[in-house]
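Scroll down for the structure; my scribbles are underneath it.
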Amino acid sequence: MIQEFQISTRAEESIVNITEQVERIVAEGKVKEGICVVYVPHATAAIVINEGADSNVGNDLLTALNKMVEKHGGWLHDTIDNNAHAHIKASLLGPSETVIIKNGKLQLGTWQSIFLCDFDGPRERKVIVKVLEG
Ligand code: ZN
């Protein structure tokens, strides 16, 4: 089963908790045991799993990436569309995460949530979720 949903981001950079949307898709799929792949088909966005209880964890991640990847730091791609930093950050985190499903539920830890990271917003972002039984 494959399902998609859209997220409208509201800032140039943002991290959005999408755990509820993914859990809903897994519940509808009625898969008892399997895996769930959460994927963004975008070159300047990423999917990451990290703590969801304190929103500062996500904000700290954005801050850390900004310290690591200088905006307009002489990147070659900036001569084309001025968003090389966004591509680099998206590459560091990657476009997908895989979560194990057991007893019909995502096996996220107590403190884990699934996030969409947008590094070149605000935009409409598509998230694709594939649920596989097995
Ligand atoms: Zn670009």
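Counting starts at 1 for both ligands and their atoms, in listed order. In this text the structure is predicted, and so the values were computed from the model without any measurement.
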*State, to 0.1 Å, how close Glu12 and Lys71 come at their nearest heavy-atom pair, and which atoms those are.*
OE2-NZ, 2.6 Å

*asked:* Using the Zn ion (ligand 1) as the vertex, how large is the angle between OD1 of Asn83 and NE2 of His77, rounded to 10 degrees?
replied: 90°

*Using a cut-off of strictly less than 2.8 Å, determine whether Asp120 has an N/O/S atom near the Zn ion (ligand 1).*
no

*In this structure, which one of Gln21, Lys126, Glu124 forms a side-chain contact (heavy atoms from CB on, under 4.5 Å) with Ile7?*
Gln21

*Just by distance, with hydrogens left out, do His85 and His72 show a side-chain donor and acceptor under 3.5 Å apart?*
no

*Examine Asn82 and say whether one of its N/O/S atoms is closer to the Zn ion (ligand 1) than 2.8 Å.*
no

*salt bridge (charged side-chain N to carboxylate O under 4.0 Å, His left out) between Lys32 and Glu133, worked out*: CA-CA 7 Å; Lys32 289 278 173 225; Glu133 192 163 21; over 6 Å; no

*If the Zn ion (ligand 1) is the vertex, what is the angle to OD2 of Asp81 and NE2 of His87, rounded to 10 degrees?*
160°

